[in-house]
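Data first, discussion second: the structure below is written as structure tokens.
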Amino acid sequence: MWLPALALLLAGCGKDSGTVQCDFRLLVQLQEKSEGELTPAPGLIGFYFYGDTTLYHNGGYEQLTRGELAARDGGAALRANGEAVRDGEGVLVFPGLTEVPVTLLFCDTVRKIYALRLVNVLEPGIDALHTRLNIELWSNRLTFLKSQWIVTIPPVVEPEPDPEEPIVDPQEPADPENPEHPVEPAEPTE
């Protein structure tokens, strides 16, 4: 079952009127728990960059969502050559790729996950590459390589307690000057 998909991946993309042209189709699925159901990632946006991107890097999630890579030397950011589109089934389509190397980028605007991948092969004969990337959110990995994608998942940050809200000990009176009015303990919840 995976052999034909691998052959497509290695073969590259098709040729149309003398120009190699390929749609790169990506289904990103998330898995919340080990052995849990895979669900399509909501809120995906994507961009592609033609040419050598080694002089650029991830300048942060916000910059990536604008379709930009930061220059390593602090110079001008590299703007994407084009945007991906979502089809009716939630697949992210990088349409009509014509040059290599091409760097693909997607961002999940709901969970702030992002990933980059370099594609170096566009060959005559195949019009579209269909790929899938399953991301196991339960694995506690923050940055990892999977299916040739460098995936980054932001750490889960617990909200800080509100410093304006005092922490009250239920054994202390609500009004220290009037000990007859203690704070009522909260009812236990199940």
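Along the sequence shown, residues are numbered consecutively beginning with 1.
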Main-chain N/O of Cys22 paired with Asp127 side-chain donor or acceptor, under 3.5 Å: no

For side chain to side chain contact (heavy atoms under 4.5 Å, CB included), just list the numbers for Phe24 and Val93, CA-CA rounded to whole Å, side-chain angles, deciding distance to a tenth of an Å, and then say yes or no. CA-CA 6 Å; Phe24 191 99; Val93 180; over 6 Å; no

Counting only heavy atoms from other residues, nucleotides and ligands, does the tally under 6.0 Å from CD1 of Ile150 exceed 12? no

Within the distance-only criterion (no hydrogens, no angle test), does the side chain of Lys112 pair as donor or acceptor with the backbone N or O of Pro154 below 3.5 angstrom? no

Tell me if a side-chain donor or acceptor on Asn81 pairs with a main-chain N or O of Tyr50 at a distance below 3.5 Å. yes

Residues Leu133, Arg117; criterion side chain to side chain contact (heavy atoms under 4.5 Å, CB included); working and verdict: CA-CA 12 Å; Leu133 178 62; Arg117 176 185 178 167; over 6 Å; no

Would you please indicate if the ring centroids of Phe49 and Phe47 are separated by under 6.0 Å? no

Measure from the side-chain N and O atoms of Arg72 to the backbone N and O of Thr54, and report whether any donor-acceptor pair falls under 3.5 Å. yes

Any luck finding a side-chain donor-acceptor pair between Gln31 and Trp138 under 3.5 Å? yes

Main chain of Arg66, side chain of Arg79: is a donor-acceptor contact present, judged purely on distance under 3.5 Å? yes

Working for side chain to side chain contact (heavy atoms under 4.5 Å, CB included), residues Phe144 and Ile153: CA-CA 9 Å; Phe144 54 94; Ile153 301 173; 3.8 Å; yes

Do the side chain of Asp52 and the main chain of Leu55 share a donor and acceptor less than 3.5 angstrom apart? no

Distance-only, no hydrogens or angles: does the Asp108 side chain make a donor-acceptor pair with backbone N or O of Val110 under 3.5 Å? yes

Can a donor-acceptor pair be found, under 3.5 Å and without considering hydrogens, that links the side chain of Thr109 to the backbone of Gly43? yes

